[in-house]
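Here's the structure, in structure tokens; my notes come after.
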Amino acid sequence: MIALVKNANGLREMYRLISLSNTEFMGLDGIPRISRDELERSHKDLLFGTACFDSDVFEMAKTRSYEELKEAISFYDYVEIQPLENYSYLINIDDLDQERLLSMLKNIIRAADELHKPVVATGDCHYVNPEDKICRDIYIMAKKTVGNNRHPMNPNFRDKLPFFPNPDQHFRSTKEMLDCFRKFLPEEK
């Protein structure tokens, strides 16, 4: 998920949550976590967004019922959708096909609309220019995470798959973003 501060109180809450996640809620794997109760306690001064394909909302859209998806979305203040290119990893590892992906994204948008949650087009940017992708590729393929694990987009089974490029996650202009979303959303959306 994404957490954004709304005000000075929100900034204090964000620091408090970060401190708690690194002390009281540290996972056995060394990854900082925070409880849902703590998030709800701080929600008044923070905005919560659903984030990328590595979120509970995306997982609900993929594996659960539409009602469970709506229940998950109800926690958030806004819903994020990225360009189709950002989901290429899931297609390349054969987790989804294009038709299923489009269906899931449309269900997420429909559920957000029914709950009166804004749907926000975000780039899930990891670098500025397209030519900077090489740095992200090196990071994905070489990085070891906490516990000496591989990057989530470079799991062990990827070595057995034919080569495929990592998603393009550069900063897109407004025109580029609109072009990306026109591929699968009606103009008014």
Side-chain angles (χ1 to χ4, degrees), residues 1-5 46-66 68-143 145 150-155 157-158 161-189:
M1 67 172 279
I2 301 294
L4 303 172
V5 299
L46 300 171
L47 288 173
F48 296 150
T50 59
C52 62
F53 71 71
D54 196 21
S55 70
D56 66 329
V57 165
F58 195 83
E59 189 61 28
M60 288 285 184
K62 187 165 61 169
T63 62
R64 302 289 179 86
S65 72
Y66 183 73
E68 289 171 300
L69 171 63
K70 280 179 65 174
E71 177 62 30
I73 288 174
S74 69
F75 173 74
Y76 296 94
D77 298 299
Y78 65 95
V79 173
E80 291 189 27
I81 299 291
Q82 285 85 36
L84 292 178
E85 295 82 355
N86 286 34
Y87 303 97
S88 65
Y89 170 78
L90 299 173
I91 292 169
N92 287 323
I93 65 167
D94 209 24
D95 192 37
L96 293 173
D97 61 30
Q98 189 83 2
E99 185 178 322
R100 176 83 174 113
L101 172 63
L102 289 171
S103 172
M104 288 169 50
L105 294 176
K106 288 176 181 177
N107 278 341
I108 290 170
I109 292 167
R110 183 169 57 108
D113 286 346
E114 288 175 13
L115 293 166
H116 307 289
K117 304 284 182 172
V119 177
V120 181
T122 62
D124 192 23
C125 304
H126 286 271
Y127 44 93
V128 177
N129 302 306
E131 62 270 17
D132 299 333
K133 182 179 180 181
I134 185 72
C135 296
R136 173 86 170 142
D137 288 344
I138 292 168
Y139 177 78
I140 289 170
M141 301 315 274
K143 181 183 183 299
T145 61
R150 294 166 68 151
H151 187 280
M153 289 179 63
N154 186 27
F157 68 81
R158 186 170 177 168
L161 298 173
F163 172 80
F164 60 85
N166 292 310
D168 293 330
Q169 293 177 284
H170 60 281
F171 183 80
R172 290 173 170 89
S173 69
T174 300
K175 181 189 177 325
E176 290 171 315
M177 288 290 282
L178 288 170
D179 289 346
C180 288
F181 288 94
R182 284 185 179 119
K183 293 176 187 174
F184 70 101
L185 291 178
E187 189 67 29
E188 66 276 3
K189 185 51 92 174

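Atom CD of Glu176 sits in a crowded spot, with more than 12 heavy atoms from other residues, nucleotides or ligands closer than 6.0 Å. Around CG of Asp54, the count of heavy atoms belonging to other residues, nucleotides or ligands within 6.0 Å does not exceed 12.
With contacts defined as side-chain heavy-atom distances shorter than 4.5 Å, the pair Leu84/Gln98 qualifies. Counting only heavy atoms from C-beta outward, the side chains of Arg158 and Met141 approach each other to under 4.5 Å. Contact of the Phe164 side chain with the Ile91 side chain is not registered, since no non-hydrogen atoms from C-beta on lie closer than 4.5 Å. Annotation: side chain of Tyr66 is in contact with side chain of Glu114 (closest heavy-atom distance under 4.5 Å). Put simply, the side chain of Asn86 reaches to within 4.5 Å of the side chain of Gln169, judged on heavy atoms. Side chains of Leu101 and Leu90 form no contact here, defined as non-hydrogen atoms less than 4.5 Å apart. Residues Leu105 and Phe58 meet the side-chain proximity criterion, which asks for heavy atoms closer than 4.5 Å.
Between the Lys70 side chain and the Leu115 main chain, no donor and acceptor come within less than 3.5 Å of each other. A donor-acceptor distance shorter than 3.5 angstrom exists from the side chain of Asp97 to the backbone of Glu99, with no hydrogens or angles considered.
We find that Asp179 and Arg182 are joined by a salt bridge, their nearest charged nitrogen and carboxylate oxygen being less than 4.0 Å apart.
Tyr87 and Phe53 have tilted rings, their planes meeting at an angle from 30° to 60° on a 0 to 90° scale.
With values rounded to the nearest 0.5 angstrom, Ile140 atom CD1 is found 8.5 Å from Lys133 atom NZ. We find the CD1-CD1 distance between Ile109 and Ile81 to be 4.5 Å, quoted to the nearest 0.5 Å. Interatomic distance, Asn166 CG to Met153 CE, rounded to the nearest 0.5 Å: 4.5 Å.
Between Lys189 and Asp113, the shortest heavy-atom contact is NZ-OD2, 2.8 Å.
Checked against the 6.0 Å centroid threshold, Tyr139 and Tyr127 do not count as a close aromatic pair.
Among pairs with a residue in residues 81-94, those fulfilling salt bridge (Lys or Arg N to Asp or Glu O under 4.0 Å) read Glu85-Lys183, at least two apart in sequence or across chains.
For Thr50 and Glu80, the side-chain atoms include no donor-acceptor pair closer than 3.5 Å.
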